[in-house]
K.L.:
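Below you will find the structure I want to go over with you.
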Amino acid sequence: MRQFYFLILVTLTLSCTKAQEADFAFTHVNLLTMEAETIKKDQTILVKYGKIVAIGNSSDISVRSTETVIDGTGKYLMPGLAEMHAHIPGNRNMDLLEETLFLYLSNGITTIRGMLGQPYHIELRDKVLTGEILGPRIYTSGPSINGTSVRSIEEAQTKVRDQKEAGYNFLKMHPGLTRENFDAVVATANEVGIPFSGHVSIDVGVRRALEAKYASIDHVDGYIEGMVPNSIRINPNTNGFFGVNFTNIVDQSILDELIEMTLDQDVWIVPTQAMMERWIGPEDPEVLAQDPEMKYMSPSTLSNWVNTKKGVIGAQNYDPEQALKFNEIRRNIIRRLHEAGVKILLGSDAPQVFNVPGFSVQRELDAMVRSGMSEFEALYAGTVNPAKFFDDEGKYGTIITGADADLILLDANPLNDISNMSKQSGVMVRGKWLSASDIKTRLDEIAENYAKN
């Protein structure tokens with residue numbers, strides 16, 4: 001009789017537990033949904049067909065019908081990151097292409113915004129979404145809009161219309177545009193409905209760029225030049241690398257005006273601060289070349305990076321103290337923008353000088369925290385904000401039912417220390433699981449291949 005009542009009790013208990021077929025489950029995990037700065041303990045998340053289909057207390061969700069179960073006890077699950085200033089190889093070398101996309105994935109980057117597009121990047125974007133090629137979700141610009149590619153109003157109008165028709169997600173603005181040609185780009189982009197992001201040309205200036213409603217200004221470009229008082233008569237073309245030559249003449253009180261304009265025009269900012277520190281800072285390039293992640297880059301690329309930085313710090317007018325002050329001012333600009341409510345996006349400009357895809361985002365997160373953002377705010381810039389930027393809220397960037405299963409499983413709480421973002425047990429991209437051992441095996445293959453060469 002006791003056994004009979006026990007069976008009834010078990011049956012009732014199971015009937016109260018949600019049973020649902022799933023391809024994958026994370027059980028007993030600490031959950032950071034990014035909807036709020038809180039950790040939900042002992043949660044189970046079910047994934048089917050690349051989507052999150054159930055979330056709840058582990059005691060309430062059955063995994064009996066689940067193919068693969070990961071015990072998340074003591075671990076932390078959060079949304080995948082977006083690298084909002086990424087680069088994709090410019091040629092169709094498929095080995096290099098797939099390697100680069102994997103490097104992004106290896107650090108939990110499940111979405112990238114490609115900032116220098118080529119025609120085949122549209123094809124690549126579609127193949128990644130269908131699963132034909134493993135990689136993060138891709139948004140891509142068209143080829144560069146700059147002073148060389150756009151030399152007249154007519155050329156501006158034609159290139160913008162062509163890129164819109166080709167299916168690019170946005171225009172990439174580069175330096176060198178005259179004010180007249182820039183205005184033609186903006187007018188045509190507004191006419192056909194394609195956003196534009198990137199650099200600020202000297203003839204345009206940050207005020208006109210803000211007025212024109214850039215979707216995002218990357219590298220905080222133009223802000224230092226915009227902080228030079230009008231009373232100082234200076235050739236704007238002598239600004240140097242992102243305004244470094246104007247470091248000692250800027251008036252930081254002018255920043256209030258630029259912040260107000262940024263807010264009024266609803267322009268997003270992609271700081272890429274870690275890149276700026278590594279490129280123009282006084283560190284020895286031979287030392288930077290020994291960073292652990294450099295083994296995942298080709299010897300020729302690494303040699304080029306070393307020589308590029310040697311050219312910067314070896315220039316006759318290079319002043320290491322000025323370079324440090326320049327980056328201090330930049331961090332203050334980022335802090336002030338953020339505190340005022342300007343919307344920030346995570347981006348590192350990889351691959352760039354000593355910025356290895358994927359790994360450079362870990363350095364950028366650290367730079368954002370050093371620029372006054374909390375760990376949660378820095379992560380928000382790489383999860384929720386990119387989805388908002390692309391008007392894709394609910395599709396990714398938060399862990400909610402119905403969202404794509406783009407996830408990172410961490411061994412430690414990233415809200416306690418942003419460096420915990422590098423302590424990963426695995427990454428899921430649209431339902432495909434890459435364990436830490438899978439990632440290590442592939443990274444070792446990449447490193448060994450370059451070591452042979």
Side-chain angles (χ1 to χ4, degrees), residues 84-85 115 146 172-177 179 182 186 195-232 234-281 322-349 352 364 367-368 370-373 377-378 381 385 389:
M84 293 296 284
H85 197 111
M115 293 300 290
N146 60 63
K172 169 63 184 289
M173 309 297 277
H174 260 126
L177 289 166
R179 174 64 180 270
F182 171 81
V186 170
F196 46 93
S197 294
H199 294 252
V200 174
S201 294
I202 290 173
D203 284 355
V204 174
V206 70
R207 289 171 178 80
R208 171 58 185 140
L210 291 168
E211 180 185 64
K213 293 183 180 291
Y214 267 59
S216 73
I217 290 180
D218 293 53
H219 316 296
V220 201
D221 196 7
Y223 279 77
I224 283 184
E225 290 90 337
M227 291 160 59
V228 175
N230 290 332
S231 58
I232 298 179
I234 193 166
N235 181 351
N237 291 292
T238 61
N239 62 333
F241 189 72
F242 289 96
V244 65
N245 291 346
F246 294 169
T247 297
N248 296 321
I249 60 173
V250 298
D251 180 351
Q252 295 199 53
S253 68
I254 297 175
L255 183 58
D256 291 334
E257 172 205 349
L258 300 182
I259 289 173
E260 184 177 353
M261 289 188 68
T262 309
L263 286 167
D264 288 346
Q265 301 303 323
D266 197 28
V267 175
W268 296 68
I269 298 295
V270 188
T272 68
Q273 178 58 22
M275 179 274 290
M276 206 66 64
E277 292 174 358
R278 290 168 74 75
W279 194 328
I280 201 170
Q322 183 184 54
L324 291 173
K325 183 179 178 182
F326 167 74
N327 274 309
E328 181 183 346
I329 292 172
R330 283 182 51 87
R331 286 191 295 271
N332 184 57
I333 293 172
I334 296 164
R335 178 184 62 81
R336 295 272 307 281
L337 288 165
H338 170 66
E339 289 176 349
V342 172
K343 292 175 286 190
I344 307 293
L345 294 165
L346 174 65
S348 71
D349 198 359
Q352 193 52 271
E364 183 64 19
M368 294 171 90
R370 288 187 289 105
S371 299
M373 300 176 72
E377 290 165 343
N385 272 354
F389 179 83

K.L.:
Side chains of H85 and T272: donor-acceptor distance under 3.5 Å anywhere?
P.N.:
no

K.L.:
Would you name the heavy atoms of A323 and I280 that are closest together and state the gap between them?
P.N.:
CB-O, 3.4 Å

K.L.:
What are the two closest heavy atoms between P271 and L345, and how far apart are they?
P.N.:
CD-O, 3.4 Å

K.L.:
Restricting to non-hydrogen atoms, name the atom on D251 and the atom on P229 that form the minimum distance, rounded to 0.1 Å.
P.N.:
CB-CG, 3.7 Å

K.L.:
Please verify the inter-ring angle class for W268 with F389; under 30° counts as parallel, over 60° as perpendicular, anything in between as tilted.
P.N.:
perpendicular

K.L.:
Is R207 salt-bridged to E225, going by a charged N under 4.0 Å from an acidic O?
P.N.:
no

K.L.:
Evaluate I217 against V270 for side-chain contact (heavy atoms from CB on, under 4.5 Å), listing each step before the verdict.
P.N.:
CA-CA 6 Å; I217 290 180; V270 188; over 6 Å; no

K.L.:
Before you tell me yes or no, could you show the steps for M276 and F326 under side-chain contact (heavy atoms from CB on, under 4.5 Å), namely the whole-Å CA-CA distance, both residues' side-chain angles and the distance that decides it to 0.1 Å?
P.N.:
CA-CA 10 Å; M276 206 66 64; F326 167 74; 3.7 Å; yes

K.L.:
Drop me the distance from N230's CG to I254's CD1, to the nearest 0.5 angstrom.
P.N.:
7.0 Å

K.L.:
Using side-chain heavy atoms (C-beta onward) and a distance below 4.5 Å, is L210 in contact with T262?
P.N.:
yes

K.L.:
Does the distance from a Lys or Arg side-chain N to an Asp or Glu carboxylate O, for R330 and E277, drop under 4.0 Å?
P.N.:
no

K.L.:
Hey, could you give me the CD1/CG distance between I259 and L337, rounded to the nearest 0.5 Å?
P.N.:
5.0 Å

K.L.:
Tell me if a side-chain donor or acceptor on N385 pairs with a main-chain N or O of I344 at a distance below 3.5 Å.
P.N.:
yes

K.L.:
Please report the shortest heavy-atom distance between V200 and D221, naming the atom on each side.
P.N.:
N-OD2, 2.8 Å

K.L.:
Looking at CZ of F246 and CD1 of I234, how far apart are the two atoms once the value is rounded to the nearest 0.5 Å?
P.N.:
4.0 Å

K.L.:
S201 and D203: side-chain donor and acceptor closer than 3.5 Å?
P.N.:
no

K.L.:
What's the separation between atom CE in M84 and atom CD in E364, rounded to the nearest 0.5 Å?
P.N.:
13.0 Å

K.L.:
At their closest point, which heavy atom of V250 faces which heavy atom of V228, and how far apart are they?
P.N.:
CG1-CG2, 4.3 Å

K.L.:
What verdict does the side-chain contact (heavy atoms from CB on, under 4.5 Å) test give for Q273 and M275, after you've listed the backbone C-alpha separation in whole Å, the side-chain angles of each residue and the deciding distance to 0.1 Å?
P.N.:
CA-CA 5 Å; Q273 178 58 22; M275 179 274 290; over 6 Å; no

K.L.:
Within this structure, what is the NZ-CG distance for the pair K325 and N248, rounded to the nearest 0.5 Å?
P.N.:
4.5 Å

K.L.:
Below 4.5 Å, heavy atoms only, C-beta onward: do L255 and I333 meet side chain to side chain?
P.N.:
yes

K.L.:
Tell me, yes or no, whether the heavy-atom count around E260 atom CD, taken from other residues, nucleotides or ligands under 6.0 Å, exceeds 12.
P.N.:
no

K.L.:
Is the centre of the W279 ring less than 6.0 Å from the centre of the F241 ring?
P.N.:
yes

K.L.:
Would a 4.5 Å heavy-atom cut-off, applied to side chains only, mark V220 and F242 as touching?
P.N.:
no

K.L.:
Go through the steps to decide whether Y223 and I269 satisfy the test side-chain contact (heavy atoms from CB on, under 4.5 Å), and finish with yes or no.
P.N.:
CA-CA 11 Å; Y223 279 77; I269 298 295; 3.5 Å; yes

K.L.:
Using 4.0 Å as the upper bound for N to carboxylate O, is an ion pair formed by E339 and R336?
P.N.:
no

K.L.:
Does the side chain of E328 reach to within under 4.5 Å of the side chain of L324, using non-hydrogen atoms?
P.N.:
no

K.L.:
Do the side chains of M261 and E257 get nearer than 4.5 Å, heavy atoms only?
P.N.:
yes

K.L.:
Considering all heavy atoms of both residues, which atom of H338 and which atom of G372 are nearest to each other, and what is their separation?
P.N.:
CD2-O, 4.4 Å

K.L.:
Nearest 0.5 angstrom please: D218 CG to H199 NE2, how far?
P.N.:
7.0 Å

